[in-house]
Amino acid sequence: MAAVGGPDRGAGLSADLAALLAGPVVPAARGLLGCLLHAGGVTVRLTEVEAYAGVGADPASHAHRGQTPRNEVMFGPPGHLYVYFTYGMHWCANVVCGPAGEAAAVLLRAGEVVAGETLARQRRPGARAARELARGPARLTTVLGIDGGANGAYLLDPAGPIHLRPPTTATGRIRSGPRVGVANGHDTQWRFWLDGEPTVTPYRRHVPRRRAG
DNA sequence: AGTAGGATAATCT
DNA sequence: GATTATCCTACTG
């Protein structure tokens, strides 16, 4: 799919962000690129995201088979954080999109640490280059100190402990491709990233894990 | 550079 | 009981 969209000049207002998140998930995902997510004393500029649709529409979505205790937040109003635990050790964070009742969300895959780098490095002792700090969905939550306790947090209150702000600088060109690591729906090119950003993760296809023994 | 395997537990069937 | 929207280490070249 060809890259679409030019530079987004001028920082939008928080009201614009709320309207964006209340709309369809794909434009919302694109609009989240370049936004600043602040949590735990660290600020990250989002460089890579993935869109997930609601019930029945997207086999890769956690909401595909309907509401469960885990994905409950996805069914609520937009602008909240959906956090889930996976692979026995990793937390991943999503921004809920669309009107309440429609369970769409945008997975935050990677970002650039723009503030609080000292704290970020303390949380990720193994990281060497700065670009590695929040390069990957579980790394991003680690750097921000996000875990299950942040599930459901409202992101559009600038005074909140975890909040999202519109871009302060022009965002670059947006590119798109297949989503990373999903078992189904890999034909849908719902991964979006900022062209040329070093913090974007390399694409990896889903590889089924064979059980031991 | 790229690939392979292990870690480790909530969630859903 | 199988699967998982991942990451790290170790190995090969």
Side-chain angles (χ1 to χ4, degrees), chain A residues 21 25-26 28-30 32-33 37 44 46-75 80-98 102-113 120-152 155 175-193 198-213:
Chain A
L21 297 182
V25 69
V26 166
R30 305 176 71 102
L32 280 169
L33 291 173
L37 179 63
V44 159
L46 300 176
T47 57
E48 180 189 0
V49 299
E50 282 174 3
Y52 289 87
V55 177
D58 178 7
S61 172
H62 284 176
H64 177 234
R65 302 199 176 212
Q67 185 169 344
T68 66
R70 177 176 67 163
N71 64 26
E72 178 185 357
V73 175
M74 289 181 76
F75 287 78
H80 290 256
L81 198 65
Y82 165 50
V83 182
Y84 69 90
F85 189 66
T86 192
Y87 289 103
M89 64 192 93
H90 297 306
W91 295 100
C92 296
N94 301 249
V95 177
V96 175
C97 296
E102 185 176 320
V106 175
L107 172 68
L108 309 179
R109 282 203 56 86
E112 171 195 7
V113 173
R121 286 193 177 276
Q122 287 174 8
R123 293 184 177 133
R124 296 207 59 233
R128 297 164 191 262
R131 71 180 64 172
E132 299 284 328
L133 287 170
R135 192 189 199 216
R139 293 166 167 181
L140 185 138
T141 57
T142 298
V143 152
L144 294 171
I146 289 174
D147 61 14
N151 191 36
L155 301 173
R175 294 182 43 102
S176 66
R179 292 174 292 187
V180 174
V182 297
N184 301 307
H186 51 271
D187 299 327
T188 310
Q189 308 226 337
W190 275 6
R191 174 180 178 234
F192 303 97
W193 67 93
T199 51
V200 173
T201 61
Y203 174 68
R204 282 193 208 174
R205 199 180 160 230
H206 174 75
V207 28
R209 309 299 316 217
R210 296 176 59 177
R211 58 179 296 258

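By convention in this document, chain letters (A, B, ...) are assigned in the order of the sequence lines, proteins followed by strands, and residues within each chain are numbered from 1. Worth saying up front: this structure is predicted, and the values here are computed from it rather than measured.
Salt-bridge check for A:E50 with A:R109: passed, with a basic side-chain N closer than 4.0 Å to an acidic carboxylate O.
The shortest side-chain heavy-atom distance between A:L46 and A:L108 falls under the 4.5 Å cut-off. Annotation: side chain of A:V106 is not in contact with side chain of A:R30 (no heavy-atom distance under 4.5 Å). Counting heavy atoms from C-beta on, the side chains of A:E112 and A:R131 never come closer than 4.5 Å. By the 4.5 Å heavy-atom criterion applied to side chains, A:D58 and A:H64 are not counted as neighbours.
Nearest to the side-chain atoms of A:F85 among the listed nucleotides B:dA7, B:dA10, C:dT6 stands B:dA10. Checking C:dA5, B:dC12, C:dC8 against every side-chain atom of A:R139, the shortest atom distance belongs to C:dC8. The listed nucleotides are B:dT11, C:dT6, C:dC8; the one nearest the side chain of A:R70 is B:dT11. Checking C:dT6, B:dC12, C:dA5 against the side-chain heavy atoms of A:H62 singles out C:dA5 as nearest. Closest contact between the side chain of A:Y82 and the listed nucleotides C:dT6, C:dA5, C:dC8 involves C:dA5. The listed nucleotides are C:dC7, B:dA9, B:dC12; the one nearest the side chain of A:H90 is C:dC7. Residue A:V180 places its side chain closer to C:dT6 than to any other of B:dA9, C:dC7, C:dT6. Here the side chain of A:A138 is nearest to one of B:dC12, C:dT6, C:dA5, namely C:dT6.
Rounded to whole Å, atom P of C:dA5 lies 12 Å from atom CE of A:M74. Per the geometry, CZ belonging to A:F192 stands 15 Å off C1' belonging to C:dA5, to the nearest Å. The NE2-C1' distance, from A:H206 to C:dT4, rounds to 8 Å in whole Å. Distance A:W91 CH2 to B:dA10 P: 9 Å, rounded to the nearest Å. The interatomic distance linking A:M89 (CE) with C:dT4 (C1') rounds to 11 Å, in whole Å. The nearest whole Å value for the distance from the CG atom in A:L107 to the C1' atom in C:dT6 is 11 Å. Distance CD (A:E72) to P (B:dT11): 12 Å, rounded to an integer number of Å. Going from atom NE2 of A:H64 over to atom P of C:dT4 covers 14 Å, rounded to whole Å.
Regarding contacts with the backbone of C:dT6, every side-chain N or O of A:T86 stays at 4.0 angstrom or more from both OP1 and OP2. The side chain of A:R124 places an N or O atom within less than 4.0 Å of a non-bridging phosphate oxygen (OP1 or OP2) of C:dC8.
Across all strands shown, B:dA1 remains unpaired; no Watson-Crick or G-U wobble contact has both distances below 3.5 Å. Nucleotide B:dT8 has no partner under the Watson-Crick or G-U criteria, as no pair reaches both atom distances under 3.5 Å. A 3.5 Å limit on both hydrogen-bonding distances identifies no Watson-Crick or G-U partner for C:dT12.
Applying the 5.5 angstrom centroid cut-off and the 30 degree plane-angle cut-off, the aromatic ring of A:Y87 is stacked upon the base of C:dT4. Ring-to-base geometry places A:Y52 in a stacked arrangement with C:dA5 (centre distance under 5.5 Å, plane angle under 30°).
Using bins of under 30°, 30° to 60° and over 60° for the plane-to-plane angle, the ring pair A:H62/A:Y82 lands in the perpendicular bin.
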